[in-house]
Structure formats: structure tokens, C-alpha cells
Amino acid sequence: MPMEKTFDAQTAEPRIYKMWEDAGAFKAGANASRDETFCIMLPPPNVTGHLHVGHAFNHTIMDMLTRWKRMQGYDTLWQPGLDHAGIATQLMVEKDLAETGQPKRVDLGREKFLEKVWEWKAAKGGQIEQQARRLGDSMDWSRSAFTMSGAESAPATEKPGNFHDAVLKVFVEMYNKGLIYRGKRLVNWDPHFETAISDLEVENIEVDGHMWHFKYPLAGGETYEYVEKDEDGNVTLREVRDYISIATTRPETMLGDGAVAVHKDDERYAPIVGKLCEIPVGPKEQRRLIPIITDPYPDMDFGSGAVKITGAHDFNDYEVAKRGGIPMYALMDTKGAMRADGKPYVEEATTAQAIANGEMEFDEAMIAAMNMVPEEYRGLDRFEARKLVVEDITAEGNAVMTTKMVKNEEGEEVETTVPYVEDKKIMQPFGDRSKVVIEPALTDQWFVDTAKIVGPALDAVKEGRTKIMPESGEKVYYHWLENIEPWCISRQLWWGHQIPVWYGPSMESNADGSRSFNVSKLHMVCAATEQEAQNEFESLYGFKPEIIEGAVSPAQALIDGFAAVQAGKNENAAIKIFRDPDVLDTWFSSGLWPFGTLGWPEDTEAMKYFPGDVLVTGQDILFFWVARMMMMSQAVLEQDPFHTVYLHQLVRDAKGEKMSKTKGNVIDPLDMIDLYGADALRFSNAQMAALGGVLKISEDRIKGYRNFSTKLWNAFSFAEHYEISYPGDAIRPEATQTLNKWIIGETGKVRETVDAAMEAYRFNDAADALYAFTWGKVCDWYLEFSKPILQGDDASAKLETEQTLRWVLDQCLILLHPIMPFITEELWGLADNRTKMLAHADWPTYTANELIDADADREMNWVIGLIDNVRSARAQVHVPAGAKVPVLVTGLDAKGQSAWDNNHVLIQRLARIESLSHVDDFPKGCVTIPMEGGTFGIPLADLIDVGEEIARLEKTMQKLGKELGGLRGRLNNPKFVASAPDEVVAEAKANLALRENEEAQLKAAIARLQEIG
RNA sequence: GGGUGAUUAGCUCAGUUGGUAGAGCGCUUCCUUUACACGGAAGAUGUCGGGAGUUCGAGCCUCUCAUCACCCA
């Protein structure tokens, strides 16, 4: 069947992929001929995910590496899988429930909701795995892993797996080693999802905000002299004040203030440090008084220099409050509204005052229970509360005032007094998924004590065991890890790995030797299973406690149940335990990806792929994931998970802008595949993969590489056209023909270049080299050169050329396969009888040294040079393209003569030369072509425009002159000759000789022409 | 404010120990010549962001300024 005119990617690609998959071509260890393993872990996409250009890019890199190693006979595994993606998936399913009119999550309850999530996953999750096949990804799909596999809630229809076991085992071990702890800390709280999130999930965005200035009156109407000075110490303001001025962007948090802080060197406030001031909001009778303290935190030059300290609502204040033992009053509920629980404000304020006065001891739990929000603000949204607080303070006259020019009713400018409110750009934290303003919240959470496990991960890079590419990533890595914060790993979600910790009442020994339960103080047991937890409680209690299930607040259920039963004195019946309702941060489980996917903690055969080799991922995920995998692998297995981290930038559009739906500049990789084929998209990806480079995807480029595919295709139709038989794998002939020797040498060069580039992760160099070789060498020159031989009647030359051509084309397919797997596999299959499919073909190991024939190389380059020069000269003096011309030559040396003799058929054909005659002198009106070893000329006395030809030669002379100037300048400089390396000097000298010869020829040619003119 | 990177042909970008600038696209001219018009041939275009320094020699190293991008406060 004759070849189609072009490669039909649309129909061929799915067919070829199916062939690979059916043949098990990508299974772990497929085509392995040696023991060394090569393993890449796919960064697991969210189960909700779709393939975007970023995936397309990094999949191309990973697939290139994997296919390359597989062809080299390594025992390869490219491990795929999906991430359960806590928040994203829970959100998606909740949305789905709403759209299909089903009950809400909270109405369903935990168990039913999780069923729905699993149902959703089975029906709609993991679409990206099908999309990845369209890219040609050579992953072992049979091993596809899921970060929630083996979870208690997983239905029987789910693919089996034990990732959940790995997660729980690691949690329990780390807990037992003291690497995981629970504590009340200020965390980033997402009021939309009502969960804590990690620092990394917060995006700080600059928004237009306001800075309000308020007066905090001093207690008891006290006054002090407030003095402001300029830089030189001159007094610029001196007044008596009965207040301290505070600037804030968040007035609603004033209700939770515990102190006002000033810098200890701030002379302005020195007289009032240690005194009390009043929070100017809330019912007048219960105004709280708070102390004025010193702390290094306040910046004397910013605002008024005095800062209100609200430990429960700001990360900086939190640190100040911890240092100063200042109570931290939480003001908001989980939705970011002002608290409505607790005792009436009057009572709370009285207690708080006693604390502030130092009359009362306090502890964390007690402060946490107190609601310092006055009744009039309770239940309000935080932003509404802000408005109201500002209004109330202003109405009472406690806003700092300033003057401003405004127009009155008559349109005249008049001065008026207004509250001092600065318009200010402020950095506001937003949830990266919810897009709502994040609220620092003081809550009980689980943390990984990262400071304790960061060491080995840092050393891995510092000691070079793990290399980050590009190198600049290493600095960023150090900076983050050296300043690492505890990692908050608990999330108040349902979809995820539920924390394996159970709580029950603590047991207290009484003075009389009896023991009693305390339900307000809980005992905590961490265990891999419910059974183990119950057993442990049994050994403490002396009986096996039941487990509280399904309660909205299990802790409260325990207390209520206890009180009820205690009244009837049967304590044991009321002693129940409950599991921590929180789930783990998704990144906690993905941190275990490098070994969790291989069946760990079981001792599986697949564990031979750990540690893996290369991790390819976006720069933005270095901390989220890469650093955590490195820490966790060391913490659990005491090994580094990979030796190389290849980081790439975000893929942008052709103009370098981020793609976004709102901007409408999103490029869908699947559209590109539909239009130009996966190979074109992949080639474009490889070509833009310059280390550390900005990734701008351009449809024009992709189109260009589709054209390249077609070029390759046509090289094979060339072979078909010349009826070159293709019985099976081509064997490299011992070439005698110069052109065959030459192209074989070029193939050796490109193989080395490609391997060197791949080894150095310079995929763009590999792609460029292959493009230049296939198109620029093979198609442009070799195929053209081969024509006369293929059409000629020298049977042995013809046979050798056919063999060489087949071999060279085979090499193109093999070397291009990692980048363009589809079209190369298709072309490979055109041969009658292949030993293996191309995906498993043997990667060549020949070297340029072995294959290059220096004489052939020199000769062919001379031939190409001559053809180029003749063509160029013809075009410039407007010789009709079709016309064949006679050519003259003077002073042709032996080498030149033999080069001509060996290749004159090719030269004459490609340069359209009719004949060559040796002459002593060129006739007048002759186009001159200086070559190494002889000067060629085209006699065109009648056709030639003398002026034009002189202009042409002079232009060449000019260029030459520049080069000569440089060379002579260098060589005449004794310091250059003295200090430059010998080979550089020798090269310059040789070059100079060559150029001078050319110059002489050109001069002679110009002189001849001037004779005519 | 701190950090990282960028600034090279009209556009998008390469340029690995310093040896005198390249690719693709686009553009101009010619060509439907028996693999290929998704093609062939020829051609034009750069004070390598500005300035200074080190060096025989700087796109590359150092300093400085400017502009932009991203990350973190």
C-alpha cells in the first residue's frame, strides 16, 4: 500500500497508542536488558484534574527521559497515579450535589458524603489519565496509584491499594518519635472551607485598603506631653495628649486587643509605658483597659509607632503576645463572623479586666472560651463589623482627625475636619482555592515538627546527593528550608486520611487510691487501627470503651453523655472514645508518593525502583511537594527519593502572560494535538525546555514542528519513490562512497550530541540538533546527493547508497522517538519485518569518532560550499533558476580536482552546471567564486550586469574585510599571541591565510570586471 | 522591603569552562524542478538594556543604573 501524502495523526495516534498498551510496552521493566533501574514518579495530578499545557510540558520531559532509558535497556518505570486532592475534590463533589439537587454535605453526614465522593471519583475522576494517553505518555498504567487507596471508606469496586496504610503507618511512627504533635497555634484559617490551611496555600495579594487612626484614651484621664522631632532633633510638634494614637487596617480586631506595644527606644511614648489605656469600642461602662508595653516589633517610623496587639488575629501580634504573656482573645467563628457564643459581654469583660489588672490567673483554654465581642456586634460578618466599629468610634470622637479641602454647596473650596483614613495598598492573604480573605485563627491543629526532619533534606542538596536543576533552585530551596515553619497538617475536611488518633476521658488517681474519669481533660491515643486504639484504652480503663460515631461534635457528645449517665452513677457506660474528626493535608500523603506508590510498607518487588531517579515538576511546587518528599523519605526510609530535581517554570502564552479563563488566552493541549498531532506539541515542548527558561507556548511553533513531521514523512516517501526495499532493521554498510561515509559520520555526531544533551537535561539542544540533522543534513543534502546515484547505473554504489539511506533514516527514527513517538513508530512499522517495535528498539552507542571519515567530511563540506557559492552567485546576478551554465576554474589543486572528480555529478546537478573547463585566465565578464584550492568562474559576458557584479563582490569584500581586520588585529597583538592558548592562535592563523587567499581572488575578480567597465 | 531571574534580529527565544553572535517564525525575491508548497533556492536585519571595570580579547566575569517578571514578607 503506498504511503499517504502526509501522516494522519488524528487516526494514527490512537491506533499506535493502543498497540503499545496492548503489547504492554510501557510496563515496569519492559524491554529491560540490564539490571539498572530508571524510575520517574509522575507528580500525581488531582483526581479532579484536566490536562493543561503545564502537564503537557512536563509529561513530554518525563516521557522523553523514560523512552530514552527504556530504549537503552534500563529497567524503567514511569509511575502514574492520582492525588485525592482534599479541598478541590470535596468542593467539586459539593458543587455536584448542589447542581443535581441532592442533600448538602452536612445533611448527608460524613459516611454518606464520603460514599458520594467515591461515587464521583468512579464516574468522573481521573479523566486526565485518558488525556495523558493522547500525549503518548509511556507510563505503566497497570500500576496507577491513588493517594487514598485502601482507605476505610473506599468501596470494594475501587482498585485495591495500600496507600492509606502507608500514610497511617508514617503518621503513627512520626507521632511516636515526637515528630508530630498537636497544639493550639495561630494558623491560616479559610472561612469559606472552614478549615486550617498551610502557609503555602495562602496567596498574598496587594489590594486597596485603608489605614484608620484611632485614639486609645489613657486610663483615668491621665495626660502626657507628646513630642515629635525631625531627623535633626528639632521639635516639630509638642502637645499634651490624653490618648495614644493607633493605626490599624483591621479595626474589628480591636475588640480582641490585649495590649498596645511601642518600641522601647521610642521617646514619644516613654512617659506612658506601663500605664493602661482604653480600647475605645464596646459599651462605655465595660471599656477594657489594656497595658502599654514595649516590644522590638513596632516600627517607630511606621504609622504612629504604636501597635495594638491582637494575638489571636495577626501573626506578628501573636509572637508579641507570646513574648509578653498577653491574652489572645479569639473574636470570630469558623465562618469568619463575629462570635455569638459564650457568656454575655459584661461578664466576659469583667473577667478580662481582672486578667489585665493582674488580679486573675488565666490559661489558654479559659481565654479561648471567652467571647470579647459586645452584643451589638455578635454574629456580624467580619467586614460588616469593621464598618460598624469604625462608625461607632468616630461617632464617639475617638477617631484621629485631619483637615481636608472639600467643595461646599456653592461649589467653593472650604476646609473641613474629617477622620484620618489613609488609602493604602495592603497585602492581604487569600485562600489559593477559595479566594476568600484568610483569617489567622487560634485553633487546635496537628503539626509536623519540620525543624526536626529538615536536616537530612538540606544536606541532600548541600552534599550534592540531590541535584536541583536549574541550579538557582538550590538557593531558593536552602532559603526556605533554613527558615522552615512547623507544618500544619490537619484539615477540617472529610475527604482525606482521617487522623489516626482517638480521644477518651483521662483517668485520675484520687488520694484514697481510687480512680476517676475526667471528661474535660482528654487522653489521646495514636494507633494505626481502631482496634489497636480500643485495646490501648482498655489497658488504661480496664474495660473496652465504645466509639462515638456520627456526632457533629464528638467531644461535646462525650461530655453530655457522661453527665447524663453520671447522674445515675454508672460511670463506665458513659466512658466512650472518639476519633479525631480532622483529615490530613493532602500534601502529607503526596509526600510519601516516592515509595507509597510502590507498595510500601509491604516489601514488594517494585520497591527496587526506590529511590527513583528524576523528579520533574513546576518550580511553584518545590516547597509544597519536593521538599516534603525529601523530608519524608528521609524521616521514614532514611534515603533520598531521587537524585535529580528538574524544575521548570509556569507555561505561559506566546506573549508570556499567564493563561487564565478570564483573559481568554488559554491554550488547550488537546486542541493542539487535534490540529497538529501530539508529536508536534511534544517537539515544541522539548524545544522550549531550555534550563530555567521562560516557557512560552506558541501555536506557530507547534505548526512548524508539524511541518517537520511531514518533512520526515516525506523522507520516507522519497525512499518509497526510489523503490528502496525495507525488509527489516537496517544495517550500517561499510561505505566506500564519499557521500555515504559523510552522512554516516554526521549521524555519529548527532547521536553524541543528542545523548550529551539528554544527559545534561538540555532537551532543547537535543531537539534542535535532531531538527538540524534531519532537515538540514539528511533531507536538504543527503537525499539530494543520493538522487544521481539512485538513478544511475552503478549497481554497487546504488546498493550501498540504498543501505546507507535506510540506515540513516532508521537512525532518525530511533533518535527522534523519545520526542516524537507516534510518527516515528508509524514509519518504523513500514518495514516488512522488524525485530521489535520502535519503542523497544536499541538505542545506538556508536561514537562520532568511530563513524567520522575525516577526508569524506572535508570533501563533502567543500562540495556543499561550492554548490552554495555557485547558487548564491547565480541568484545575485539573476541567472535564470532553470538555466544550466558552463563553469570555468583556475588553479585547481589536486585535492580540489579529486573532490570535483568524485562529486561532479552531484555538484553539476545541484548547482545546475553544464560543464567544467580549466582555463589559465578568466575571460572578461566572469562571475568569480573563490574556493579553497581553486577559483571557479561563470562566464556570463552577455548576461552579466558588470556594475551589479562589482557591487556583489565588493559587498563580500566588506564582510571579509571586517573579519580580516579582527584576525589581523589579534595576531599583530603580541600579547594575544603570548597569552592565548596555542590552538586558538593556530586557528586564527589558519583562518587568516584562508581569508587572505579569498581576498586576493576577489580583488583579482574586481580588477577584471573594472577592465570591462 | 527581601529574594530569584530576565533584558540578544520585526516576533519568540538559544548561546555550557571568556576566542569575536545563532535557530524558528515572520519578511523580500525567484521557483509548482519526478520525496515534500506543511516545499525548494537565494537574501536582508543586531551600538547582545545604559554606563564603568577586569582581560590580549566580554553577549558570557565584576560593579553600577534602568526596566520587566516571578516568589516571599
Side-chain angles (χ1 to χ4, degrees), chain A residues 3 5-7 199-200 202-204 299 315-316 427 429 470 472-476 478-480 483 619-620 622-623 649-650 652-658 676-677 680 683-684 687-722 756-757 760 762 764-765 767-769 771-772 775-776 779-780 783-784 786-787 791 867-868 871-876 878-882 909-912 955 962-963 965-967 969-981 983-985 987-988 991:
Chain A
M3 283 177 72
K5 205 167 154 46
T6 55
F7 176 60
D199 301 346
L200 292 174
V202 176
E203 284 177 339
N204 289 294
D299 177 353
F315 285 97
N316 289 314
M427 289 306 278
S472 61
E474 296 188 352
K475 282 189 201 167
V476 185
Y478 295 144
H479 187 258
W480 191 70
N483 298 288
Q619 228 165 29
D620 51 332
L622 179 64
F623 308 133
Q649 298 209 354
L650 190 78
R652 302 155 185 284
D653 74 1
K655 288 182 199 141
E657 288 182 32
K658 273 191 188 179
Y676 306 111
F683 205 99
S684 156
Q687 202 283 333
M688 70 178 173
L691 270 175
V694 178
L695 305 177
K696 299 184 191 178
I697 191 170
S698 135
E699 186 168 344
D700 279 343
R701 279 228 148 179
I702 298 170
K703 194 169 164 185
Y705 295 121
R706 187 272 321 265
N707 295 353
F708 174 66
S709 302
T710 308
K711 190 73 183 174
L712 180 68
W713 186 262
N714 278 308
F716 280 80
S717 26
F718 175 95
E720 186 191 46
H721 181 261
Y722 283 93
R762 295 178 168 274
N764 56 321
D765 287 348
D768 282 342
Y771 187 98
W775 199 319
C779 292
D780 284 351
L783 294 187
E784 292 301 331
S786 71
K787 282 178 184 173
Q791 292 162 354
I867 294 168
D868 271 343
R871 279 173 170 174
S872 179
R874 289 171 57 120
Q876 286 179 57
H878 309 298
V879 175
R909 183 186 176 104
L910 294 181
R912 305 214 138 240
K955 192 159 186 196
K962 255 193 198 172
E963 218 172 323
L967 286 164
R970 275 197 281 166
L971 287 166
N972 290 340
N973 183 340
K975 280 185 179 169
F976 169 72
V977 183
S979 34
E983 68 264 27
V984 173
V985 178
E987 198 190 315
N991 223 341

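Each chain gets a letter, A, B and so on, in the order its sequence line appears, and its residues count up from 1.
In this view, A:Ala911 and A:Ile867, A:Val870, A:Ile913 satisfy the side-chain contact (heavy atoms from CB on, under 4.5 Å) rule, not counting sequence neighbours. Taking A:Ser709 as the reference, A:Asp679, A:Met820, A:Ile823 meet the side-chain contact (heavy atoms from CB on, under 4.5 Å) condition, with sequence neighbours excluded. Residues passing the salt bridge (charged side-chain N to carboxylate O under 4.0 Å, His left out) test with A:Lys787 are A:Glu784, sequence neighbours excluded. In this structure, A:Phe976 has no ring pair (Phe, Tyr, Trp, His ring centres under 6.0 Å) partners at least two apart in sequence or on a different chain. Scanning for side-chain contact (heavy atoms from CB on, under 4.5 Å) contacts around A:Asn991 gives A:Leu967, A:Arg995, with sequence neighbours left out. Among residues two or more places apart in sequence or in another chain, the side chain to side chain donor-acceptor pair (under 3.5 Å) test is passed with A:Asn316 by A:Tyr297. In this structure, the side chain to side chain donor-acceptor pair (under 3.5 Å) partners of A:Asn714, at least two apart in sequence or on a different chain, are A:Ser717. A:Tyr676 is linked by a side chain to side chain donor-acceptor pair (under 3.5 Å) to A:Glu699, counting only residues two or more places apart in sequence or in another chain. Taking the side chain to side chain donor-acceptor pair (under 3.5 Å) definition, one finds that A:Asp768 meets it with A:Gln687, sequence neighbours left out.
The closest donor-acceptor contact from the side chain of A:Arg871 to the backbone of A:Leu910 lies under 3.5 Å.
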What pairs of nitrogen or oxygen atoms, one from the protein and one from nucleotides 54-60 of chain B, lie under 3.5 Å apart?
from: B:C56; atom 1: O2'; to: A:Asn973; atom 2: ND2; distance (Å): 2.7

Distances for protein N or O near nucleotides 39-42 of chain B N or O, under 3.5 Å:
from: B:G39; atom 1: OP1; to: A:Asn707; atom 2: ND2; distance (Å): 3.3
from: B:G39; atom 1: O3'; to: A:Lys711; atom 2: NZ; distance (Å): 3.1
from: B:G40; atom 1: OP1; to: A:Lys711; atom 2: NZ; distance (Å): 3.0
from: B:G40; atom 1: OP1; to: A:Trp775; atom 2: NE1; distance (Å): 2.5
from: B:A42; atom 1: OP1; to: A:Asp868; atom 2: OD1; distance (Å): 3.2
from: B:A42; atom 1: O3'; to: A:Ser872; atom 2: OG; distance (Å): 3.4

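When rounded to the nearest whole Å, the span between NZ of A:Lys787 and C1' of B:U33 equals 8 Å. With rounding to whole Å, A:Arg701 atom CZ is found 12 Å from B:G26 atom P. If you take CZ of A:Phe716 and C1' of B:C36, they are 14 Å apart, rounded to a whole angstrom. What separates CZ of A:Phe718 from P of B:C36 is a distance of 11 Å, to the nearest Å. Residue A:Tyr705 contributes atom OH, which lies 10 Å from atom C1' of B:U12 at whole-angstrom precision.
Annotation: B:G19 and B:G39 have their P atoms spaced 35 Å apart (nearest Å). For the P atom pair drawn from B:C72 and B:U55, the interatomic distance equals 43 Å after rounding to whole Å. Across B:G59 and B:G53, the matching P atoms stand 15 Å from one another, rounded to whole Å. With C1' as the reference atom, B:A21 and B:A58 are 12 Å apart, rounded to whole Å. Spacing of P atoms, B:U54 relative to B:U17, comes out at 23 Å, to the nearest Å. Nucleotides B:C38 and B:G26, compared at atom P, are 11 Å apart to the nearest Å.
Base contact: A:Thr710 has a heavy atom under 4.0 Å from a base atom. Using a 4.0 Å heavy-atom distance criterion, A:Arg874 is classed as making no nucleic acid contact. Residue contacts for A:Asp768: at a heavy-atom cut-off of 4.0 Å it reaches no nucleic acid atom on any strand shown.
Taking every side-chain heavy atom of A:Thr6 into account, B:C38 is the closest of B:A35, B:U16, B:C38. Side-chain atoms of A:Asn714 lie closest to B:C36 of the nucleotides B:C25, B:A14, B:C36.
Taking both residues in full, the closest heavy atoms of A:Arg874 and A:Arg912 are given as NH1-O, 2.9 Å, listed atom of the first, atom of the second, then distance. The nearest pair of heavy atoms linking A:Ala757 to A:Asp765 is CB-CB, 3.8 Å.
Under 4.0 angstrom from either OP1 or OP2 of B:C38 there lies no side-chain N or O belonging to A:Lys5. For the OP1/OP2 pair of B:A35 and a distance below 4.0 Å, the side-chain nitrogens and oxygens of A:Tyr722 include at least one atom meeting the criterion. For A:Arg909, no side-chain nitrogen or oxygen approaches OP1 or OP2 of B:U33 to under 4.0 Å.
Aromatic ring pairs are classed by plane angle as parallel below 30°, tilted from 30° to 60° and perpendicular above 60°; the pair A:Tyr705 and A:Tyr771 is perpendicular.
Scanning atom types as modelled, one donor and one acceptor separated by under 3.5 angstrom connect the side chain of A:Arg706 and the base of B:C38.
Secondary structure note: stems in RNA chain B built from 3 or more consecutive Watson-Crick or G-U wobble pairs under 3.5 Å occupy B:1-7 with B:66-72, B:10-13 with B:22-25, B:27-31 with B:39-43, B:49-53 with B:61-65.
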